[in-house]
Amino acid sequence: MTGGPDTPLGLPWPAHAARGADGAVRVAGVDVRDLAAEQGTPAYVLDEADFRDRARTLRAAFEGAFAEVGAGVDVYYAGKAFLSVAVARWAHEEGLRVDTSTGGELAVALRAGVPGGDIGLHGNNKSGAEIARALDAGVGRLIVDSLGEVERVAAAVRARGAGAPPAPVMVRVTTGVHAGGHEYISTAHEDQKFGLSVATPADGGDSPALTALQLVLRHPELRLLGIHSHIGSQILDPAGFAVAAQTVLGLRADLAERTGYLVPEVDLGGGFGIAYLPGEVPLDVDRIAKEIAGAVDATCAALGTPLPRLSFEPGRAIVGPTTLTLYTVGTVKPVSLDEGTSRLYVSVDGGMSDNIRPALYGAHYHAAIVSREGAAEMVLARVVGKHCESGDIVVHEVQLPADVAAGDLLAVAATGAYGRSMASNYNHVPRPPVVAVRDGASRVLVRRETEDDLLALDLG
Ligand code: LLP
């Protein structure tokens, strides 16, 4: 570390990213120029202390808020956002459990030494092998997503023989609440693949959710742990969580009235939004935890039911802001726009293969030159990748120094969630490494793919 008066970059950058007096950025005391020299680019650079702090802070916020109303709570780290053996271990060390959605994610969590009981398995189409593996591992919960899956999990338990313990299951329901961005909408009927609707069908019979819950109760091979609801992702308006909580708690009370069984747990999913751009305000975790705890408490009081144990599954809010992607600038090309204006197209050595989110969702990111301070005025730029399509955009619009040039290091902020985990090998581009930085030292968590890795799959 240079020891100079480094200036923290602030959000949306990792907590320990700061620009030194020499103009170059350090992340957790590691100079990005050294990282680029040692690891090459592109590379995902993950601030380990930021990850741990976010995990711990989130857990403490929910524990504190629910302790006030007298309920227990568990926080699961949603591995789909980004999972590696080290990251699963960090989450667990910080007191979180791990949420997985495939056999592959489950394998990573198990390799990290996370006990099966601290792992949940999701998935709307789990294979027989995934269910068997989850049962072998003794997962703490299987979240079932359809009536057919209730039967399949029960059959898998039976196949394990007479002494096999019942599988702990939650039923994933859809509450009609969809959130994401600045709004939420609430609709009665759902037209999507996840979960079982709580809406009463046209014939006035039981909702699919109530039917599934009762079906679970009729199976001695299954232990009904609770009800699960996930309303969306990148949510910045907290209102949807309280509405979903009310619906789920109402369903829990209906089931108890019908069957005498009050499910002990309710999971309200993940989805807490983060800042991607300067000035964007992330969801305030303390506030949201208090609001949800208040809504749960009030709803249970109104229903006359004791409080359940709660759980949450944040992914993005823990890992998203911790990571930047480091690229090297290649071609720089001004392109004329209407009315005499122009835009600088800045090509970097990655693109839609390491971050599909701009192309897939129109997601916006922020970027900066990090190997030096720009001396020139700032100009409107678009950061693009090296792939063979015009939609290969990394950052739609950003101000960069007019003298940006080949060889400069450019970083894109807040790429920790759904970056590496959704990366591809489009155009046979090997996927970048994930490098953790902490206290002035770096460590490769996931190594860079090589052309040999890719060719090893090609049988000629
Ligand atoms: N729990 C369940 C059941 C989920 O389906 C998800 C995300 C999460 C938890 C974690 O949500 P988070 O806290 O990370 O928002 N690829 C998209 C996001 C897909 C989210 C899918 N489910 C993106 O890049 O924006």
Side-chain angles (χ1 to χ4, degrees), residues 44 51 54-55 58-59 61-62 74-83 87 91 96-102 105-106 109 119-126 141-146 149 169-175 177-181 184 190 192-196 226-238 240-241 244 248 265-276 282-283 285 288-289 292 310-323 325 352 354-365 394 412 414-424:
Y44 303 100
F51 181 99
R54 287 176 174 279
L58 226 140
R59 179 172 64 79
F62 280 93
D74 297 302
V75 179
Y76 287 71
Y77 169 60
K80 70 199 76 188
F82 172 66
L83 200 62
V87 156
L96 277 66
R97 299 178 178 209
V98 179
D99 165 46
T100 64
S101 58
T102 61
E105 288 176 8
L106 175 59
I119 300 174
L121 179 66
H122 270 279
N124 68 303
N125 187 25
K126 300 175 192 72
R141 59 196 213 179
L142 270 150
I143 297 90
V144 296
D145 203 272
S146 64
E149 196 178 59
V169 303
M170 298 188 98
V171 172
R172 180 161 176 183
V173 305
T174 48
T175 57
V177 179
H178 293 276
Y184 84 89
E190 302 267 353
Q192 53 120 337
K193 70 174 184 171
F194 289 114
L196 291 138
I227 306 174
H228 188 289
S229 154
H230 172 76
I231 57 171
S233 202
Q234 184 55 14
I235 299 169
L236 294 168
D237 173 356
F241 288 105
V248 168
E265 294 195 23
V266 164
D267 189 300
L268 294 175
F272 312 131
I274 64 165
Y276 280 97
L283 201 60
V285 170
I288 181 82
I292 300 175
L310 271 294
S311 52
F312 294 88
E313 294 173 345
R316 189 193 314 264
I318 295 174
V319 74
T322 67
T323 300
T325 309
M352 63 196 296
D354 58 72
N355 188 1
I356 190 67
R357 298 191 71 259
L360 193 55
Y361 311 119
H364 290 279
Y365 284 86
V394 179
V412 175
T415 54
Y418 307 105
R420 179 61 174 80
S421 73
M422 291 177 79
S424 77

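Bear in mind the structure is a predicted one, so any value in this text is a computation, not a measurement. First listed ligand is number 1; within each ligand, the first listed atom is number 1.
- Here is the list of ligand 1 atoms found below 4.0 Å of a heavy atom in Gly315: 12 (P), 13 (O), 14 (O).
- Atom 24 (O) of ligand 1 has as its closest protein heavy atom Arg357 NE, 2.6 Å.
- For the pair Ala81 and ligand 1, the shortest N or O to N or O distance does not fall below 3.5 Å.
- Look at Pro314 and you'll find a heavy atom under 4.0 Å from some atom of ligand 1.
- Interatomic distance, Asp267 CG to Met170 CE, rounded to the nearest 0.5 Å: 5.0 Å.
- Distances below 4.0 Å separate heavy atoms of Met422 from the following atoms of ligand 1: 16 (N), 24 (O).
- Taking CG of Asp74 as the reference point, atom CD of Glu265 lies at 6.5 Å (rounded to 0.5 Å).
- The side-chain heavy atoms of Thr100 and Val98, taken from C-beta on, include a pair separated by under 4.5 Å.
- Ring geometry for Phe272 against Phe62 counts as parallel: the plane angle stays under 30°, on a 0 to 90° scale with 60° as the upper cut.
- Polar contact with ligand 1: present for Arg316 (N/O pair, distance under 3.5 Å).
- Of all the atoms in ligand 1, the ones that sit under 4.0 Å from a non-hydrogen atom of Gly270 are 9 (C), 13 (O).
- Figure legend: cation-pi geometry between Arg172 and Phe194, with NZ or CZ positioned under 6.0 Å from the six-membered ring centre and within 45° of its axis.
- Proximity of Arg141 to Ser311: side-chain heavy atoms (C-beta onward) are separated by under 4.5 Å at one or more points.
- With a heavy-atom cut-off of 4.0 Å, Tyr361 touches ligand 1 through its side chain alone.
- Considering all non-hydrogen atoms of both residues, Glu149 and Val144 come closest at OE1-CA, 2.9 Å.
- From the protein, the heavy atom lying nearest to atom 20 (C) of ligand 1 is Tyr418 OH, 3.6 Å.
- Here the protein heavy atom with the shortest distance to atom 21 (C) of ligand 1 is Lys80 CD, 4.1 Å.
- At a 4.0 Å cut-off, at least one heavy atom of Gly271 sits close enough to ligand 1 to count as contact.
- The proximity of Ala78 to ligand 1, defined as any non-hydrogen pair under 4.0 Å, is limited to the side chain.
- Here's the thing with Gly269: none of its N/O atoms is less than 3.5 angstrom from an N/O atom of ligand 1.
- Between His230 and His122, the ring centre distance reaches or exceeds 6.0 Å.
- For atom 15 (O) of ligand 1, the closest heavy atom belonging to the protein is Ser233 OG, 2.4 Å.
- At the top of the distance list for atom 9 (C) of ligand 1, counting protein heavy atoms only, stands Glu313 O, 3.2 Å.
- Contacts of Ser101 classified as side-chain hydrogen bond (donor to acceptor under 3.5 Å, both in side chains), with partners at least two apart in sequence or in another chain: Glu105.
- Interface of His122 with ligand 1, defined as ligand atoms under 4.0 Å from a residue heavy atom, comprises 3 (C).
- You'll find the ring centres of Phe51 and Tyr77 inside the 6.0 Å limit.
- When non-hydrogen atoms are compared, ligand 1 lies under 4.0 Å from the side chain of His230 (C-beta onward) but not from its backbone.
- Applying the side-chain hydrogen bond (donor to acceptor under 3.5 Å, both in side chains) rule to Arg54 yields the partners Asp50; only residues at least two apart in sequence or on another chain are considered.
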